[in-house]
There are 2 protein chains.
Amino acid sequence: MYKVSRQREWIYDYIQSHPDRHMSVEEIYEGLKAENREVSVATVYRNLKILQDENRIASLMLESGKQVFDKTCRPHDHLICTTCQKIFDLDMPYDRSIERKAEHQLHIPIESHSLVLYGTCADCLQKKGKV
Amino acid sequence: MYKVSRQREWIYDYIQSHPDRHMSVEEIYEGLKAENREVSVATVYRNLKILQDENRIASLMLESGKQVFDKTCRPHDHLICTTCQKIFDLDMPYDRSIERKAEHQLHIPIESHSLVLYGTCADCLQKKGKV
DNA sequence: ATAAATGCAAACCTTTTGCACCCTA
DNA sequence: TAGGGTGCAAAAGGTTTGCATTTAT
């Protein structure tokens, strides 16, 4: 159905090559431009949708309503640092026991969950300690 | 700082009197109009912000990017039914052990969390059983 | 009396769409 | 060479803002 396109691969590569960031549409658009890989905004929007549809990337909606993109579709939780606001993918095993526990309490089948932790990331913790 | 206003109380009452729904700005606006309590959209937006600022209500951002409002600020988890899409406030105790567990694994302090479960709600489960 | 709240319309931003042209398979 | 894909600009959608007027304290 979808064909390969140069622009789509630029976008995909850009996300993969910044694994520690979770970027918004605008950040991706501006970032590519800065690398002399300018793509029109419309194309960025269209391709981010297609990449999600192909399960090559995932997206995460922040409480602010800003959508950011994740390099992987593998289920995992997130940490949002309440100091620097950075978003981290957690290596902590995605915990199905949370779902099993809820099933027992609610008596309904649970298929998946979304967990975001808010706290201070290791970097910020270290910086605070140094003051 | 804030004064009492008729419109703000209408909005607050409207949210409180529909505890089983999590409504968007538009649904609140339309709902009030249907009760002959028309308030301008701008005022609905302004007051929903103020009500949150006063901690009288909370809001929840859905994956779709739609913001919906919650009658309570008490920390609690949510269930989103994957069949009817309704959102439920969970009575399940807000589980601090999730945070403690993450602290142990990540060695950083966790302040709070946001947990959304996806599954089939009791109503939909029953309807399915009846087929 | 004064500071906040309202309604209205204009302004804003972000996302989507229509269309002529271009590029994969 | 047919069916996606692209850029551009216009359109659409949702939210905010400026301002004159009204309302609460």
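Lettering of chains follows the sequences in order, A, B, ..., and the numbering in each one begins at 1.
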Across the strands shown, which category fits B:Lys66 at heavy-atom distances under 4.0 angstrom: base, sugar-phosphate, nothing? nothing
Residue pairs, two or more places apart or on separate chains, that pass side chain to side chain donor-acceptor pair (under 3.5 Å) and touch residues 80-90 of chain B: A:Glu111-B:Thr82, B:His22-B:Asp89, B:His76-B:Asp89, B:His78-B:Asp89, B:Thr83-B:Lys128
Grab the [atom1]-[atom2] distance between [X] and [N] for me, whole Å please.
{"X": "A:Glu27", "N": "C:dT14", "atom1": "CD", "atom2": "P", "result": "12 Å"}
{"X": "B:Leu48", "N": "C:dA5", "atom1": "CG", "atom2": "P", "result": "14 Å"}
{"X": "A:Ile50", "N": "D:dG3", "atom1": "CD1", "atom2": "P", "result": "17 Å"}
{"X": "B:Trp10", "N": "C:dA5", "atom1": "CH2", "atom2": "P", "result": "16 Å"}
{"X": "A:Gln7", "N": "C:dC21", "atom1": "CD", "atom2": "C1'", "result": "13 Å"}
{"X": "A:Lys49", "N": "C:dT17", "atom1": "NZ", "atom2": "C1'", "result": "11 Å"}

What residues join A:Ile110 in its hydrophobic cluster, counting side-chain heavy atom gaps under 4.5 Å, either direct or through other members? A:Leu79, A:Phe88, A:Leu90, A:Met92, A:Ile98, A:Leu106, A:Ile108, A:Leu115, A:Leu117, A:Leu125, B:Leu79, B:Phe88, B:Leu90, B:Met92, B:Ile98, B:Leu106, B:Ile108, B:Ile110, B:Leu115, B:Leu117, B:Leu125
Which hydrophobic side chains are connected to A:Ile50, either touching it within the sub-4.5 Å cutoff or through other members that do? A:Met1, A:Tyr2
Would a 4.5 Å heavy-atom cut-off, applied to side chains only, mark A:Asp95 and B:Lys101 as touching? yes
With salt bridge (Lys or Arg N to Asp or Glu O under 4.0 Å) as the rule and sequence neighbours excluded, what pairs involving residues 45-57 of chain B come up? B:Glu9-B:Arg56, B:Glu54-B:Arg56
Expected string for nucleotides 9-14 of chain D under the B/S/- scheme (protein heavy atoms, under 4.0 Å, primed atoms plus P, OP1, OP2 as sugar-phosphate) is -----S
Listing request: all ring-ring contact (aromatic ring centres under 6.0 Å, His included) pairs with a residue in residues 103-126 of chain A, at least two apart in sequence or in separate chains. A:Tyr94-A:His113
Table of protein N/O atoms under 3.5 Å from nucleotides 22-25 of chain C N/O atoms:
| unit_1 | atom_1 | unit_2 | atom_2 | d |
| --- | --- | --- | --- | --- |
| C:dT24 | O2 | A:Lys3 | NZ | 2.7 |

Is a donor-acceptor pair below 3.5 Å formed from side chain A:Arg46 to base D:dG4, judging by atom type as modelled? no
Under 4.0 Å: is that the gap between some side-chain N or O of A:Gln67 and OP1 or OP2 of C:dT14? no
So does B:Ser40 get a side-chain nitrogen or oxygen closer than 4.0 Å to the phosphate oxygens (OP1/OP2) of C:dT6? no
Atom pairs and distances, donor-acceptor, side-chain atoms in residues 27-38 of chain B, under 3.5 Å, two or more places apart:
| unit_1 | atom_1 | unit_2 | atom_2 | d |
| --- | --- | --- | --- | --- |
| B:Glu27 | OE1 | B:Ser24 | N | 2.8 |
| B:Glu27 | OE1 | B:Ser24 | OG | 3.3 |

Just list the side-chain donor-acceptor pairs under 3.5 Å for residues 58-66 of chain B, sequence neighbours left out, or say none.
| unit_1 | atom_1 | unit_2 | atom_2 | d |
| --- | --- | --- | --- | --- |
| B:Ser59 | OG | B:Gln52 | OE1 | 3.0 |
| B:Ser59 | OG | B:Gln67 | NE2 | 3.1 |
| B:Ser64 | OG | B:Lys66 | N | 3.3 |

When you get a sec, tell me which of D:dT6, C:dA5, C:dG7 is the closest nucleotide to the side chain of B:Val39? C:dG7
Upstream residue (5' side of DNA chain D) when A:Met1 and B:Val25 are each assigned their closest nucleotide: A:Met1
Verify, without hydrogens or angle tests, whether B:Thr43 (side chain) and B:Val39 (backbone) share a donor-acceptor contact under 3.5 angstrom. no
